[in-house]
Amino acid sequence: MIIDTETHIFYFARPSRTTDNPLVNHYAWHEHSGDLLVAEMDNAGVDRTFLISYDAEDLRWDAEHKGYAVEDFAGGRKYTQLAFEAHRDRFWWFNTVRNPTTRDAVRQARDDFDDGASGLKLFPAYVESALDSPGLMKVFEVAAERSGKMLVSFETLRPPESLSLPQYLEQLPTVLKAFPTVNFALFHTGCADPLTPAIEPVLRLVNEFENVYLSTAFPGEIWDDGTEYPFANYQRRMEVLIKAVGSERVMWATDWPWFERYMKYPQAVDSIRLHADYMTDKDKANFLGDTASRFMGSEAE
């Protein structure tokens, strides 16, 4: 089974004239629906995906720093849930956690699980919160109660406006020890570049805690391969991860449709399936789906 651990759907994103190459970046003007995602998955031989919903409010902190506004994104929970209901056999749905200081994030989390969510997605910086804050710890309690999974992304940090990555990584063990039954996936390889020393504390956490996994789209928030298939620098980063923590803790992901301008969806699969010579057949099977299946546990059965 091949499982993509990061995809999204929406009407449009960042259609402003300030977007670089807006016609090339299809997400700026073209709807990316659940039906389109399933067609892309079928074309590439992908069986299931983690479908993550967010809306303009969820992305506001980062968007405004990049010169965008609320009106520059259309999509969200209701839109994603309709696609999830139509394709429950293909999607595991995760909704984004709201700011617990301004919204009832606990109630929302419960509503998400009641509506079929498999887990929650958290952007700690976007909700301007410490990872181990009382508000977020209560959200993690809901995930534990509902056997839910947590997807965490430390992306686009801007210290001192936000905490730094080392600060978040120092807080993470408190959360992991408090909720040992909850599986946590750190997105974008923990937002640390595997080719730099910044990845070392991330790898230590993965090796220390059995409930931590790495999702690998946009590794370290760096994409320096352009459109050059089979993406040699991406391969180098994946090789570091596989050698450091093993394929049992690292999961394939695309972040579709954000990287369409760089790779076609089948290329994302085939870059590993056909060109990851540093992986054994077992490693490839783990990386492309078996590890994600274990991350999901009973839901994948």
Side-chain angles (χ1 to χ4, degrees), residues 4-46 49-84 86-87 90-91 94 96 121 123 126 153 155-156 158 187-188 191 193 215-235 237 252-272 275:
D4 187 342
T5 58
E6 186 179 6
T7 60
H8 315 276
I9 60 172
F10 39 73
Y11 286 111
F12 62 77
R14 302 175 183 172
S16 165
R17 290 180 182 272
T18 61
T19 302
D20 293 336
N21 298 315
L23 294 181
V24 173
N25 297 335
H26 292 176
Y27 56 73
W29 59 272
H30 187 284
E31 181 181 10
H32 284 70
S33 68
D35 290 339
L36 176 58
L37 175 54
V38 168
E40 290 280 8
M41 292 166 63
D42 288 343
N43 187 44
V46 174
T49 187
F50 294 9
L51 182 62
I52 302 161
S53 56
Y54 41 58
D55 62 24
E57 180 181 344
D58 297 322
L59 303 177
R60 185 169 189 163
W61 188 85
D62 177 60
E64 290 183 345
H65 279 86
K66 295 177 179 176
Y68 299 105
V70 169
E71 72 246 32
D72 290 323
F73 182 90
R77 186 187 194 278
K78 292 181 180 178
Y79 180 73
T80 304
Q81 192 179 10
L82 288 173
F84 167 66
H87 301 284
R90 307 299 295 278
F91 298 153
F94 296 79
T96 294
K121 174 71 177 286
F123 299 93
Y126 292 15
S153 184
E155 61 191 82
T156 55
R158 293 182 177 85
F187 272 42
H188 313 305
C191 294
D193 184 356
S215 179
T216 55
F218 196 27
E221 299 184 277
I222 293 173
W223 186 262
D224 49 8
D225 282 307
T227 59
E228 190 66 30
Y229 178 84
F231 317 120
N233 293 326
Y234 164 77
Q235 301 277 8
R237 292 181 169 96
W252 177 70
T254 65
D255 206 359
W256 187 92
W258 291 107
F259 285 85
E260 277 192 312
R261 66 189 183 277
Y262 296 128
M263 66 171 73
K264 299 294 289 182
Y265 201 78
Q267 288 181 313
V269 185
D270 286 341
S271 65
I272 299 299
H275 299 283

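Everything numeric in this text was worked out from a predicted model, so none of it was measured.
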Look at the side chain of [X] and the backbone N and O of [Y], then say whether any donor-acceptor pair between them is shorter than 3.5 Å.
| X | Y | result |
| --- | --- | --- |
| W252 | A268 | yes |
| D225 | Y234 | yes |
| D4 | T254 | yes |
| T80 | R77 | no |
| N233 | D224 | yes |
| N25 | P22 | no |
| H32 | P257 | no |

Please report the shortest heavy-atom distance between [X] and [Y], naming the atom on each side.
| X | Y | answer |
| --- | --- | --- |
| P230 | Q235 | O-NE2, 3.2 Å |
| R261 | T227 | O-CG2, 3.5 Å |
| A253 | S215 | CB-OG, 3.3 Å |
| S33 | W256 | O-CH2, 4.4 Å |
| A83 | G34 | CB-CA, 3.8 Å |

Do the side chains of [Y] and [X] get nearer than 4.5 Å, heavy atoms only?
| X | Y | value |
| --- | --- | --- |
| F91 | V38 | yes |
| E155 | F187 | no |
| R237 | I222 | yes |
| C191 | S153 | yes |
| M41 | Y265 | yes |
| F12 | E31 | no |
| N43 | P266 | yes |
| L37 | H8 | no |

* For E221 and H188, run side-chain hydrogen bond (donor to acceptor under 3.5 Å, both in side chains): C-alpha distance rounded to whole Å, both residues' side-chain angles, the deciding distance at 0.1 Å, then the answer. => CA-CA 6 Å; E221 299 184 277; H188 313 305; over 6 Å; no

* **Stepwise side chain to side chain contact (heavy atoms under 4.5 Å, CB included) test for D55 and K78** => CA-CA 10 Å; D55 62 24; K78 292 181 180 178; over 6 Å; no

Can you check whether [X] and [Y] have ring centres sitting under 6.0 Å from each other?
| X | Y | value |
| --- | --- | --- |
| F94 | F50 | yes |
| Y11 | Y79 | yes |
| F73 | Y54 | yes |

Can you say whether the rings of [X] and [Y] are parallel (under 30°), tilted (30 to 60°) or perpendicular (over 60°)?
| X | Y | value |
| --- | --- | --- |
| F10 | Y27 | perpendicular |
| W29 | H26 | perpendicular |
| F218 | F259 | tilted |
| W61 | H65 | tilted |

* To do: Show your working on side chain to side chain contact (heavy atoms under 4.5 Å, CB included) between L51 and I9 and close with a plain yes or no.
  => CA-CA 8 Å; L51 182 62; I9 60 172; 3.9 Å; yes

* To do: Check the pair D62 / R158 against salt bridge (charged side-chain N to carboxylate O under 4.0 Å, His left out), numbers first and verdict last.
  => CA-CA 9 Å; D62 177 60; R158 293 182 177 85; 3.3 Å; yes

* Give a yes or no on this: more than 12 heavy atoms of other residues, nucleotides or ligands lie within 6.0 Å of atom CZ of R60. =>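 Count not over threshold, so no.
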
* Do other residues, nucleotides or ligands put more than 12 heavy atoms under 6.0 Å from E228 CD? -> no

* Would you check, one step at a time, whether the test side chain to side chain contact (heavy atoms under 4.5 Å, CB included) holds for T5 with T49? => CA-CA 6 Å; T5 58; T49 187; over 6 Å; no

* Full working for ring-ring contact (aromatic ring centres under 6.0 Å, His included) between Y229 and H275 -> CA-CA 10 Å; Y229 178 84; H275 299 283; 5.1 Å; yes

